[in-house]
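Down below is the structure, laid out as structure tokens.
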Amino acid sequence: MTKVITYGTFDLFHEGHYRLLQRAKELGDFLIVGVTTEGYDQTRGKLNVIDSLMTRVENVRKTGFADEIVIEESPGQKFRDIKKFNIDIFTVGSDWTGHFDYLNDYCKVVYLERTKDISSTMLRTQKKHIQRIGIIGTGRIAERFIPEVNLVSGISTQGVYNLNTESSIRFAEKWNINSYTEIEDFFDAVDAVYIATPHETHYQYIKMSLEHGKHVLCEKPMVLEKKQAEELFRYAKEHNLVLFEGIKTAYSPGFSKLMGIACSGMIGSIRNVEACFTKLENPASRELTDLKFGGSFTELGSYTVLPIIKIFGTEFEDIRFDSIKDENGLDIFTKAHFKYPNGMGTATCGLGVKSEGHLIISGTKGYIKVDSPWWKTTYFEVHYENPDDVEKYSDRFLGDGLRYEINDFLSMINGNTESEFKLTQKDSITLTEIMEKFMLENR
Ligand code: CTP
């Protein structure tokens, strides 16, 4: 008996998939089809798969060609499957020619000619209008945004606007996008806006963008007053627009895995969360000289407060801040202490004091230690009373990690609300409330 195996995502099942499976089956007597999970696809940089795993498996099954269907979850699985199932032939479409030659040592590798003029990517694009996103701001974070947008299908960077026209032109030339001198022209050309300007300008730009009917992805902290956050979310909802705060950690696969494990009961009931994020900034930087909006907490607090409110919720009993201040009065190191009925949390931020960037989640049965930089979650360990009892988990955080939030922002524009739980509007409003309280007490 000749056993054949093939793999694919099989999103929006199409004729190319059907013909590939048909020919794969004809290569032997028994065909195994590996359907790739969304999680694994994401690690390969393939974002925005539309059909659920169940639908994709069902579509493969319906062709009648697969004698067995397996799920492909990780790199290295192809080799293991070939051994495990005693495979004679490995086959995929000719778009992969050469890529799997290394498997020739274990079985025969056959590249089948790919069906022309059809692909899932093409169907995804046809199904949905490509969202043209415009960037307001030309700073460091805006620079990181463009290569990340390019990795998400269904969205493209249209252009940039900055009050400072010269800087806008320079930025546009560098990234080969349009620059707009008039904000009205900018709004006319885009469907969605990414706001990457200094914190204090966010409110006005979000408001303007929403009033022009644009979806908004705004850098954290979204705004600095609770009533502004409430007003903007209300307006967005009334006008069917997506307003989304960009805290990259919240959307990264590793952080989602961490939250799932932390809240699964594995370490019992959680009683304490300690999150620390410090980076030494140049004393002349905006972050350490802007007397109204600078300082460590406004800069980094969104990250360190995130795990605390994701775990304990937004209804804390008390919050208290301790800061060490520079001569100019700006905090170079801040600790925010949270008190909940059954737990506590500390969010530590530093721009002029360096520390280990740790996240420790303590429970009644054990604790989770997330390696620095935990805000780009890639590795964590679950520890128990017995020091030898350690479980290790890892996930990827690719590039600058903005691709994950862009992907979820786009999904929400396309009407998919599945990712809303990662950072809810209530979470964003609470984060703003905390920022506002800090600023009232410290400015
Ligand atoms: N395939 C094919 N002909 C096509 C499209 C896909 O033979 N027109 C093959 C691929 O080479 C692969 C299998 O079908 O062996 C599953 O491919 P998958 O990556 O799921 O499909 P694509 O349409 O290529 O998806 P995407 O556009 O997301 O890359």
Side-chain angles (χ1 to χ4, degrees), residues 3-28 30-75 77-79 81-82 85 87-104 106-131 149-156 398 403-404 406-408 410-411 414 416:
K3 282 180 120 181
V4 183
I5 197 160
T6 188
Y7 296 86
T9 312
F10 303 103
D11 190 27
L12 302 174
F13 201 86
H14 56 67
E15 195 202 332
H17 294 141
Y18 185 88
R19 293 200 53 233
L20 181 110
L21 294 178
Q22 186 176 37
R23 286 170 295 153
K25 173 76 180 179
E26 284 165 8
L27 289 174
F30 192 88
L31 175 66
I32 302 180
V33 181
V35 180
T36 311
T37 61
E38 202 176 319
Y40 178 43
D41 270 333
Q42 285 192 1
T43 67
R44 300 189 302 158
K46 191 169 184 172
L47 300 168
N48 257 330
V49 170
I50 292 182
D51 287 339
S52 69
L53 183 62
M54 255 164 71
T55 307
R56 292 182 286 118
V57 167
E58 186 53 20
N59 286 337
V60 169
R61 197 191 59 74
K62 277 201 294 217
T63 63
F65 297 128
D67 296 290
E68 190 169 340
I69 298 177
V70 295
I71 305 299
E72 186 189 23
E73 293 180 284
S74 58
Q77 187 176 329
K78 292 189 177 73
F79 165 76
D81 287 349
I82 287 169
F85 298 115
I87 296 297
D88 302 290
I89 300 175
F90 169 91
T91 186
V92 274
S94 52
D95 45 326
W96 295 98
T97 300
H99 193 86
F100 293 107
D101 286 356
Y102 69 95
L103 293 172
N104 266 314
Y106 315 104
C107 66
K108 189 172 167 196
V109 176
V110 176
Y111 298 105
L112 290 169
E113 195 178 335
R114 191 179 156 91
T115 308
K116 293 205 172 47
D117 302 326
I118 181 96
S119 74
S120 305
T121 307
M122 205 171 102
L123 294 177
R124 280 194 290 265
T125 310
Q126 279 169 2
K127 215 172 162 187
K128 276 156 194 158
H129 161 71
I130 297 250
Q131 293 290 325
V149 172
N150 292 341
L151 293 164
V152 183
S153 62
I155 189 161
S156 71
L398 295 174
R403 65 196 68 181
Y404 307 113
I406 299 168
N407 182 53
D408 284 347
L410 180 63
S411 288
N414 288 332
N416 184 341

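Quick note: numbers below take in every heavy atom, side chains included, and nothing from hydrogens, waters or symmetry partners. Atoms within each ligand, like the ligands themselves, are counted from 1 in listed order. Along the sequence shown, residues carry numbers from 1. Values in this document were obtained by computation on a predicted structure and should not be read as measured data.
Polar contact with ligand 1: present for Ile118 (N/O pair, distance under 3.5 Å). Of the polar atoms of Ser120, at least one N or O is found under 3.5 Å from an N or O of ligand 1, judged by distance alone. Checked by distance only, ligand 1 and Gly93 come closer than 3.5 Å through their nitrogen or oxygen atoms. Below 3.5 Å of separation, one finds an N or O of Thr121 facing an N or O of ligand 1. Ligand 1 has no N or O atom lying under 3.5 Å from any N or O atom of Leu20, backbone or side chain. Any N or O atom pair closer than 3.5 Å counts here, and Arg23 shares no such pair with ligand 1.
Residues Arg56 and Phe10 share a closest heavy-atom pair of CG-O, 3.4 Å. A pairwise comparison of heavy atoms in Lys116 and Glu113 identifies NZ-OE2, 3.2 Å as the closest pair.
Proximity of Asp95 to ligand 1, defined as any heavy-atom pair under 4.0 Å, is confined to the side chain (atoms from C-beta onward).
Remark: the backbone N or O of Leu12 is not paired with any side-chain donor or acceptor of Ser120 at under 3.5 angstrom.
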Review point. Taking it one step at a time, do Ile155 and Ile130 satisfy side-chain contact (heavy atoms from CB on, under 4.5 Å)?
Key: CA-CA 5 Å; Ile155 189 161; Ile130 297 250; 5.7 Å; no

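Within the listing of ligand 1, atoms 16 (C), 20 (O) sit less than 4.0 angstrom from a heavy atom of Gly8. Of all atoms in ligand 1, listed by their number and element, those nearer than 4.0 Å to a heavy atom of Ser119 are 23 (O), 27 (O). Shown in contact with Val92 at under 4.0 Å from a heavy atom are these atoms of ligand 1, numbered in order with element: 15 (O).
Ligand 1 is approached by Arg124 to a heavy-atom distance shorter than 4.0 Å. At least one heavy atom of His14 sits closer than 4.0 Å to an atom of ligand 1.
Salt bridge Arg61/Glu58: present, at least one basic N to carboxylate O contact under 4.0 Å.
Stacking of Lys3 on the aromatic ring of Phe30 is recorded, both the 6.0 Å distance cut-off and the 45° axial limit being met. Judged by the 6.0 Å distance and 45° axis criteria, Lys78 is not positioned over the aromatic ring of Phe100.
When Glu113, His17, Glu15, Arg114 are ranked by how near their heavy atoms come to atom 3 (N) of ligand 1, first place goes to Arg114.
Taking the six-membered ring for Trp and the full ring otherwise, Phe13 and Tyr18 have centroids separated by 6.0 Å or more.
Using modelled atom types and a 3.5 Å distance limit, the side chains of Thr97 and Ser94 yield no donor-acceptor pair.
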